[in-house]
**Q** 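First the structure, which I've put down as structure tokens, then a few questions once you've had a look.
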Amino acid sequence: MTGAAPGSAIADKTAAETTPVLAISGLHKSYGDLEVLKGVDLVAPRGHVVSLIGSSGSGKSTLLRCANLLENSQEGEIAFEGEPVSWRGHGPARRPADPRQVTRIRTNLSMVFQQFNLWAHMTILQNVMEAPVTVLGRPRSEVESAARSYLDKVGIGDKCDVYPAQLSGGQQQRAAIARALCMEPRAILFDEPTSALDPELEQEVVRVIKGLAEEGRTMVIVTHDMAMARDCSDHVIFLHQGLVEEEGPPDRLFGAPESVRLRGFLSSTA
């Protein structure tokens, strides 16, 4: 009789459930002489929301782009579901060694950008369907059903046949979130998802993100919205000048910050 013993199958499932979706250790990133990340660690457990806060230029967005391999880091390790990224070269010449691994990681770490990045010549439904059909090769009928469902989830199911220019900024960002969800990713990375929006439209997007957090979605969120970071997160990381200055559960970080720099930052954003 072949096959794994029941005990080993259970152990494998438990290990998969407890392995972080994303784990970063000692990450360094420079642009020429400008060192943006100076040895940053981040762990995003399955089903958790991790928020990155800090002043402009602290390295938050760069960290997110390195995590998704949109930027090449010069030192440190990145692991996706326990699988380390393989590298070739060193320092400024370091690059991912396996293009197939890069594609696999990017398709499982969907990214939502500040500026929506919707295709202007496609309807909202076509925007949401495009990557699952062309990148993942999923059947169009199956993807269309999922895309309509996700557009309903984010509250714009009635906008399937309109074009991005016909939507408000908040509606476009919600379409971008539906597009990310339609990839069925292991985690979603949000890079300042509300910073380009007016306050009223911002709250539309915050409500969607809070709903995803309540569902137990794994998310890493770079945000300037301290209320959202406090209300949605399991863990908050405060970056200062390319280093983790302080991190912990939101109640402690926002209620009793230890770092003088964090106290100053929070008072400036109140």
Side-chain angles (χ1 to χ4, degrees), residues 21-22 44 46 61-73 78-88 95-193 196 205 208-209 211-212 215 217-222:
V21 175
L22 180 66
R46 192 174 311 280
S61 293
T62 299
L63 177 59
L64 212 62
R65 293 177 66 84
C66 286
N68 205 33
L69 304 177
L70 294 172
E71 297 273 1
N72 293 319
S73 51
I78 301 170
F80 171 71
E81 296 192 321
E83 176 190 356
V85 173
S86 58
W87 304 99
R88 58 178 173 83
R95 299 288 185 274
D98 184 354
R100 290 171 299 180
Q101 183 187 47
V102 172
T103 299
R104 187 170 66 254
I105 290 173
R106 282 183 184 162
T107 55
N108 281 290
L109 292 176
S110 287
M111 196 142 171
V112 177
F113 298 90
Q114 177 180 339
Q115 296 295 341
F116 325 137
N117 291 353
L118 299 173
W119 288 292
H121 66 289
M122 293 183 179
T123 66
I124 295 304
L125 181 63
Q126 289 169 337
N127 265 278
V128 175
M129 291 177 60
E130 179 67 13
V133 171
T134 60
V135 177
L136 301 182
R138 287 165 50 194
R140 182 170 291 275
S141 59
E142 170 193 305
V143 172
E144 180 173 348
S145 176
R148 290 183 182 277
S149 174
Y150 285 126
L151 286 166
D152 283 338
K153 177 190 283 287
V154 301
I156 52 171
D158 59 335
K159 304 297 183 182
C160 288
D161 299 322
V162 305
Y163 290 86
Q166 297 170 274
L167 299 184
S168 70
Q171 290 171 327
Q172 289 189 59
Q173 190 61 291
R174 285 186 280 161
I177 293 171
R179 179 177 61 184
L181 289 167
C182 205
M183 290 292 286
E184 306 290 354
R186 302 287 201 277
I188 304 177
L189 311 180
F190 289 89
D191 187 8
E192 296 280 12
V205 176
V208 170
I209 294 173
L212 297 176
E215 291 178 5
R217 297 266 181 182
T218 307
M219 298 187 285
V220 181
I221 306 173
V222 168

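The model shown is predicted, which means the values in this text are computed figures rather than measured ones.
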**Q** Got a sec, which residues hit side-chain hydrogen bond (donor to acceptor under 3.5 Å, both in side chains) with Ser73, two or more places apart in sequence or on another chain?
**A**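 Ser73 satisfies side-chain hydrogen bond (donor to acceptor under 3.5 Å, both in side chains) with Arg94 once adjacent residues are dropped.
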
**Q** Has Arg217 got a side-chain atom pairing as donor or acceptor with Gly211's backbone, closer than 3.5 angstrom?
**A**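 Judged by distance alone, no pair lies under 3.5 Å.
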
**Q** Side chains of Thr123 and Cys160: does their closest heavy-atom pair fall under 4.5 Å?
**A**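 Answer no - side chains too far apart.
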
**Q** Between Ile124 and Leu118, is any pair of side-chain heavy atoms under 4.5 Å apart?
**A**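 Contact flag for Ile124/Leu118 side chains = yes.
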
**Q** Supply the atom-to-atom distance Ser110 OG to Met219 CE, rounded to the nearest 0.5 angstrom.
**A**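 If we round to the nearest 0.5 Å, Ser110:OG and Met219:CE are 12.5 Å apart.
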
**Q** Within the side chain of Thr103, is there an N or O that forms a donor-acceptor pair under 3.5 Å with the backbone of Pro99?
**A**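 Confirmed, Thr103 side chain pairs with Pro99 backbone.
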
**Q** Under the rule for side-chain hydrogen bond (donor to acceptor under 3.5 Å, both in side chains), what residues qualify as partners of Asp191, not counting sequence neighbours?
**A**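 Asp191 satisfies side-chain hydrogen bond (donor to acceptor under 3.5 Å, both in side chains) with Ser61 once adjacent residues are dropped.
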
**Q** Checking Asn127 side chain against Met122 main chain: does a donor-acceptor pair fall under 3.5 Å?
**A**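 Judged by distance alone, yes, a pair lies under 3.5 Å.
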
**Q** List for me each residue that meets salt bridge (Lys or Arg N to Asp or Glu O under 4.0 Å) alongside Glu144, sequence neighbours excluded, and say none if there are none.
**A**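 Salt bridge (Lys or Arg N to Asp or Glu O under 4.0 Å) list for Glu144, sorted by chain: Arg148.
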
**Q** Any heavy-atom pair between the side chains of Gln173 and Phe190 that's under 4.5 Å?
**A**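 Phe190 vs Gln173: side chains apart.
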
**Q** Between Ala176 and Phe116, what is the shortest heavy-atom contact and its length?
**A**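 Of all heavy-atom pairs spanning Ala176 and Phe116, the closest is CB-O, 3.9 Å.
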
**Q** Would you sort out whether Glu81 and Arg46 count as a side-chain contact (heavy atoms from CB on, under 4.5 Å), showing the intermediate values?
**A** CA-CA 9 Å; Glu81 296 192 321; Arg46 192 174 311 280; 3.2 Å; yes

**Q** Who pairs with Arg140 by salt bridge (Lys or Arg N to Asp or Glu O under 4.0 Å), at least two apart in sequence or on another chain?
**A**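 Listed in chain order: nothing, the list is empty.
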
**Q** Quick check: do Leu212 and Leu181 have side-chain heavy atoms less than 4.5 Å from each other?
**A**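 Side-chain contact under 4.5 Å: yes.
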
**Q** Who pairs with Ala187 by side-chain contact (heavy atoms from CB on, under 4.5 Å), at least two apart in sequence or on another chain?
**A**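 Testing Ala187 for side-chain contact (heavy atoms from CB on, under 4.5 Å), a comparison that skips the adjacent residues, returns Val21, Leu109, Thr218.
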
**Q** Under the side-chain hydrogen bond (donor to acceptor under 3.5 Å, both in side chains) rule, collect the residues that match up with Gln115, sequence neighbours excluded.
**A**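 If we apply the side-chain hydrogen bond (donor to acceptor under 3.5 Å, both in side chains) test to Gln115, skipping adjacent residues, there are no hits.
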
**Q** Kindly determine whether Arg65 and Met111 satisfy side-chain contact (heavy atoms from CB on, under 4.5 Å), including the steps that lead there.
**A** CA-CA 9 Å; Arg65 293 177 66 84; Met111 196 142 171; 3.9 Å; yes

**Q** Determine, stepwise, if the pair Phe80 / Ile78 fulfils side-chain contact (heavy atoms from CB on, under 4.5 Å).
**A** CA-CA 7 Å; Phe80 171 71; Ile78 301 170; 6.0 Å; no

**Q** Applying side-chain contact (heavy atoms from CB on, under 4.5 Å), run through Arg104 and Asp98 and close with a yes or a no.
**A** CA-CA 10 Å; Arg104 187 170 66 254; Asp98 184 354; 5.5 Å; no

**Q** Can you tell me how far CG of Asn108 sits from CG of Leu136, rounded to the nearest 0.5 angstrom?
**A**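 Separation between the atoms: 8.5 Å.
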
**Q** Closest heavy-atom contact between Asn117 and Phe113?
**A**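 Minimum heavy-atom contact is ND2-CD1, 3.4 Å.
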
**Q** State, to 0.1 Å, how close Tyr163 and Ala120 come at their nearest heavy-atom pair, and which atoms those are.
**A**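 For Tyr163 versus Ala120, the nearest heavy atoms are CD2-O, 3.6 Å.
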
**Q** State which residue, out of Ile209, Ile177, Val208, Ile188, fulfils the side-chain contact (heavy atoms from CB on, under 4.5 Å) condition with Pro193.
**A**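 Per the side-chain contact (heavy atoms from CB on, under 4.5 Å) rule, the option paired with Pro193 is Ile209, out of Ile209, Ile177, Val208, Ile188.
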
**Q** Just jot down the side-chain contact (heavy atoms from CB on, under 4.5 Å) partners of Arg106, sequence neighbours excluded, or say none.
**A**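 Testing Arg106 for side-chain contact (heavy atoms from CB on, under 4.5 Å), a comparison that skips the adjacent residues, returns Asn68, Leu69, Leu70, Val102.
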
**Q** Taking all heavy atoms of Leu167 and all of Gln172, pick out the closest pair and write down the distance.
**A**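 Closest approach of Leu167 to Gln172, heavy atoms only: O-NE2, 3.4 Å.
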
**Q** For Thr134, check side-chain contact (heavy atoms from CB on, under 4.5 Å) against everything at least two apart and list the hits.
**A**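 Partners of Thr134 by the side-chain contact (heavy atoms from CB on, under 4.5 Å) criterion, ordered by chain and then number, come out as Glu130.
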
**Q** Please give me the minimum heavy-atom distance between Ala178 and Leu151, naming the atom from each residue.
**A**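 That closest heavy-atom pairing would be CB-CD2, 3.8 Å.
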
**Q** Gln101 side chain to Ser86 main-chain N or O, any donor-acceptor pair under 3.5 Å?
**A**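 Such a contact is found between Gln101 side chain and Ser86 backbone.
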
**Q** Test: salt bridge (charged side-chain N to carboxylate O under 4.0 Å, His left out). Region: residues 117-126. Which pairs qualify, not counting sequence neighbours?
**A**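 As it turns out, there is no salt bridge (charged side-chain N to carboxylate O under 4.0 Å, His left out) pair with a partner in residues 117-126 once direct neighbours are skipped.
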
**Q** Please enumerate all residues that pass side-chain hydrogen bond (donor to acceptor under 3.5 Å, both in side chains) together with Lys153, with sequence neighbours excluded.
**A**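 Counting only residues at least two positions away or on another chain, Lys153 forms a side-chain hydrogen bond (donor to acceptor under 3.5 Å, both in side chains) with Glu215.
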
**Q** Which residue pairs pass the salt bridge (charged side-chain N to carboxylate O under 4.0 Å, His left out) test with at least one member in residues 157-178, sequence neighbours excluded?
**A**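 For residues 157-178: Arg174-Glu204.
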
**Q** At their closest point, which heavy atom of Ala147 faces which heavy atom of Leu125, and how far apart are they?
**A**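 Residues Ala147 and Leu125, closest heavy atoms: CB-CD1, 3.7 Å.
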
**Q** For Glu184, which residues count as a side-chain contact (heavy atoms from CB on, under 4.5 Å) partner, sequence neighbours excluded?
**A**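 Scan of Glu184 (side-chain contact (heavy atoms from CB on, under 4.5 Å), adjacent residues dropped) gives Arg138, Tyr150.
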
